[in-house]
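Beneath this line is the structure, given in structure tokens, with notes to follow.
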Number of protein chains: 2
Amino acid sequence: MEAGTRQRIIEIARELFAAQGYAGTSIADITNRLGTSKAAVYYHFDNKAAILSALVEEPLAAYAHLTETQASAEDLLAAVIDTTASYLDVIEAIGNDPSARAVLSELAQKHRSDDINDAILAALAGPSPSTKRRVRAHAAYMVAKHGAIGLTTDGNLGARERTELLAAALRALDADH
Amino acid sequence: MEAGTRQRIIEIARELFAAQGYAGTSIADITNRLGTSKAAVYYHFDNKAAILSALVEEPLAAYAHLTETQASAEDLLAAVIDTTASYLDVIEAIGNDPSARAVLSELAQKHRSDDINDAILAALAGPSPSTKRRVRAHAAYMVAKHGAIGLTTDGNLGARERTELLAAALRALDADH
DNA sequence: GTCTATAAGACGATAGAC
DNA sequence: GTCTATCGTCTTATAGAC
């Protein structure tokens, strides 16, 4: 269970970013919980943005992986639900924080969240989608993603909730379900 | 078209909060666009939080109004779509910014966004809801709200998109649709 | 790997003139 | 209603000792 200071900084940052936002959290806030000095943080990270970057690296890679294989819409939506539930803490911490988004977009990292969203929507809508299919892809994706966010408690999405949520997403995607 | 300095401050704040977050936006950022001094802003607002409070007042009241009348699920979901589309700029500016949420929760204003969300979900799920109905209410609400966010362009949600989105939300809510 | 100390500037907010 | 000037504090980040 030896966490290492670097990992502890990331975990503390995740909690504080979720509560106060990226811009609203200072290095001093982090060290107050860490119990060390500010200089200790700067030994492990070049700057404040590097903490944010390390925090989003793994979940962003997991989302990007979802569209790298051709899967059925059902498999893709199920994967969106499961990935969202498993990285919910990070998503709540920086998912829609404008100050975090602004910093990450300047970093020009490997996986960009906007590109990932577009790829998932394109996979659900299919090639040359009509307005109807484009709207339905949006609807299904929002059920899976934001439904998982709202229904996950204590990092856990119940099996019954998962089944019902996936069924609702498929109904939103296609009237035949 | 006389806007008034106070209203111009709110409009500039909305744009900057959306791009950089509440905590990531300084009074100096606002006055740089306004073309005046910082003291001019403090003539119109007591402090920085008062700008945020003025910005969310109208959209929050509009959302709170949605559950004050007993309407069918279809009418409620349609109202969610329309209200979200019409206040999209404010929602994008502060909808999920943790630094803005933290400030607003301390202000203890009349309408709290968490209460509004709970009321809408309760209205969709009905009394003593089963897990199934609870999940379906979540799914339908997420289609309406986040679907409207994703599909509104230039402040306008197309009529075909609106019709399809409402239908998808109703399918997510109830398999009979 | 962590410390103390400090630089250099940005921040929210105010005083007082006009 | 807006200005200049400023206060005190907080901020990111670094230097150098241990």
Side-chain angles (χ1 to χ4, degrees), chain A residues 1-56 93-94 97-107 109, chain B residues 1-56 93-94 97-107 109:
Chain A
M1 275 300 175
E2 235 309 58
T5 302
R6 190 190 145 93
Q7 198 57 36
R8 294 229 301 131
I9 292 170
I10 292 176
E11 285 163 17
I12 293 170
R14 191 178 55 219
E15 293 170 27
L16 291 177
F17 291 172
Q20 312 168 353
Y22 171 76
T25 302
S26 69
I27 306 294
D29 288 338
I30 294 174
T31 56
N32 282 347
R33 286 215 193 176
L34 188 61
T36 64
S37 70
K38 285 189 279 182
V41 168
Y42 280 96
Y43 172 80
H44 293 282
F45 295 93
D46 284 350
N47 46 47
K48 191 184 171 184
I51 303 175
L52 179 64
S53 185
L55 181 58
V56 301
I94 53 95
D97 179 353
S99 64
R101 293 178 65 91
V103 168
L104 288 173
S105 75
E106 282 183 12
L107 256 50
Q109 27 181 198
Chain B
M1 274 298 176
E2 236 310 60
T5 302
R6 190 190 145 93
Q7 198 58 36
R8 292 229 302 131
I9 291 170
I10 292 176
E11 286 163 17
I12 292 169
R14 191 176 58 219
E15 294 171 27
L16 291 178
F17 291 172
Q20 311 166 357
Y22 171 75
T25 301
S26 68
I27 306 294
D29 288 339
I30 294 173
T31 55
N32 282 347
R33 285 216 192 175
L34 189 61
T36 63
S37 69
K38 283 193 281 181
V41 168
Y42 280 95
Y43 172 80
H44 293 282
F45 295 93
D46 284 349
N47 46 46
K48 191 184 171 185
I51 303 174
L52 178 63
S53 185
L55 182 57
V56 301
I94 54 96
D97 179 352
S99 65
R101 292 179 63 91
V103 168
L104 287 173
S105 75
E106 282 183 13
L107 255 50
Q109 26 180 200

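In what follows, chains carry the letters A, B, and so on, assigned in the order in which the sequence lines appear, proteins first and then strands, with residues in each chain numbered from 1. Values in this document were obtained by computation on a predicted structure and should not be read as measured data.
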Does a nitrogen or oxygen in the side chain of T5(A) sit under 4.0 Å from OP1 or OP2 of dT2(C)? yes
Of the nucleotides dA13(C), dG12(C), dT2(D), which one has an atom closest to the side chain of S37(B)? dT2(D)
What integer distance in Å separates I9(B):CD1 from dG12(C):P? 14 Å
Measure across Y22(B) and V103(B) and return the closest heavy-atom pair with its distance rounded to 0.1 Å. CE2-CG2, 3.4 Å
What's the shortest heavy-atom distance between V56(A) and I94(A), and which atoms? CG1-CD1, 3.3 Å
Considering heavy-atom distances to DNA chain C, does Y43(A) or K38(A) have its closest nucleotide positioned more toward the 5' end? Y43(A)
Verify the neighbour count for atom CZ of R14(A): are there more than 12 heavy atoms of other residues, nucleotides or ligands below 6.0 Å? yes
Closest heavy-atom pair, R33(B) versus E15(B), reported as atoms and distance to 0.1 Å, is NH1-OE1, 2.8 Å
Report the distance from atom NE2 of H44(A) to atom C1' of dC3(C), rounded to the nearest whole Å. 13 Å
Value in whole Å for how far the P atom of dG1(D) lies from CZ of R8(B): 15 Å
Just the rounded figure in Å: distance from P of dC10(D) to NZ of K48(A). 15 Å
Using the side-chain heavy atoms of Y42(B), tell me which of these nucleotides is nearest: dG12(C), dT2(D), dT4(C). dG12(C)
Report which part of the nucleic acid S26(B) touches: base, sugar-phosphate, or nothing (heavy-atom distance under 4.0 Å, all strands). sugar-phosphate
Choose from dT14(C), dT2(C), dA13(D) the nucleotide whose nearest atom is closest to any side-chain atom of T36(A). dT2(C)
Of all heavy-atom pairs between A50(A) and D46(A), which one has the smallest distance, and what is that distance? CB-N, 4.2 Å
Atom CD1 of I51(A) to atom P of dT11(D): distance rounded to whole Å? 14 Å
Does T25(A) reach a base, just sugar-phosphate, or nothing at all? Heavy atoms under 4.0 Å. sugar-phosphate
If I take atom CD1 in residue I30(A) and atom C1' in nucleotide dT12(D), what distance separates them, rounded to the nearest angstrom? 12 Å
For the side chain of A39(B), starting at C-beta, report the closest nucleotide among dA15(C), dT14(D), dT2(D). dA15(C)
Expressed as a whole number of angstroms, how long is the span from F45(A):CZ to dT2(C):C1'? 15 Å
For N32(A) and dT11(D), give me the distance from atom CG to atom P, rounded to whole Å. 10 Å
